[in-house]
Each structure stands twice: as structure tokens, then as C-alpha cells.
Amino acid sequence: MTEHSTERPSVYWVKPEGEPNQHATMDIPPSRGGPVEPLGRHASVDAPPAADPRQYQMAHNRPFCEECFTAYLKLPTARPTWKH
């Protein structure tokens, strides 16, 4: 994906059991739970099992892993097309 890509990256937010922070990953978390590679390039984290895919959306009222959130902010996003 390039800086000027028209694709928006898919990011999933997981909160491992017993940890207060949510972590970002571009891997689709396994439905039964299991390890995923975080965007923050630290050790893998365990995604909990999910009955509902919306469970992996960003929770704005939950703390973020600083490394994952910083990497998330640096992801390229689609550029708007302006009318001239």
C-alpha cells in the first residue's frame, strides 16, 4: 500500500484478558481467539474469542497501547478527491 493508495487499511483493535490497553493489528483476529501481530511491533498479543466482529472496533473510552496507537496514526489513508 502506498501513501496515495485508494484503499483504507483494515485495522482491528483487541484487548487481551487481564490487560487494560487495547492493541491494533492488521491481522484478522481468529474467531476462537489467539495470537495476533500488533502494529506496534512488540510481542504478539492474544485476541479474545469474538462472537461479534464489532468487538474488534476501536473503543474510544479504553486506553490504547502507545506503540500500537502511534503506528495506527502513521498508516496511509485514502486521499480525498477535490473538485476543481
Checking side-chain contact (heavy atoms from CB on, under 4.5 Å) for the pair Val14/Val45: CA distance, chi angles, key distance, verdict?
CA-CA 8 Å; Val14 298; Val45 295; 3.9 Å; yes
Please report the closest heavy-atom contact between Met26 and Pro9, naming both atoms and the distance.
CE-CB, 3.6 Å
Do the side chains of Thr25 and Pro38 get nearer than 4.5 Å, heavy atoms only?
no
If I compare all heavy atoms of Cys68 with all of Leu39, which pair ends up nearest, and what's the gap?
SG-N, 4.1 Å
Grab the two heavy atoms, one from Tyr56 and one from Pro48, that are nearest each other, plus how far apart they are.
OH-O, 2.9 Å
Side-chain heavy atoms of His42 within contact of His23, under 4.5 Å:
yes
For Asp27 and Glu37, indicate whether the former's side chain and the latter's backbone hold a donor-acceptor pair under 3.5 Å.
yes
Distance col, row Leu73:CG vs Phe64:CZ, nearest 0.5 angstrom, shows 9.0 Å
Taking all heavy atoms of Val36 and all of Ala47, pick out the closest pair and write down the distance.
CG1-CB, 4.4 Å
The reported gap from OG in Ser10 to CG in Leu75 (rounded to nearest 0.5 angstrom) is 10.5 Å
Nearest heavy-atom approach of Lys15 to Glu19 is NZ-O, 2.8 Å
Of Gln57, Arg62, Gln55, Gln22, the one forming a side chain to side chain contact (heavy atoms under 4.5 Å, CB included) with Trp13 is Gln22
If you count every heavy atom of other residues, nucleotides or ligands that lies below 6.0 Å from Ile28 atom CD1, does the total exceed 12?
no
Any link between Tyr12 and Met58 through a network of hydrophobic side chains (Ile, Leu, Val, Met, Phe, Trp, Tyr) touching at under 4.5 Å?
no
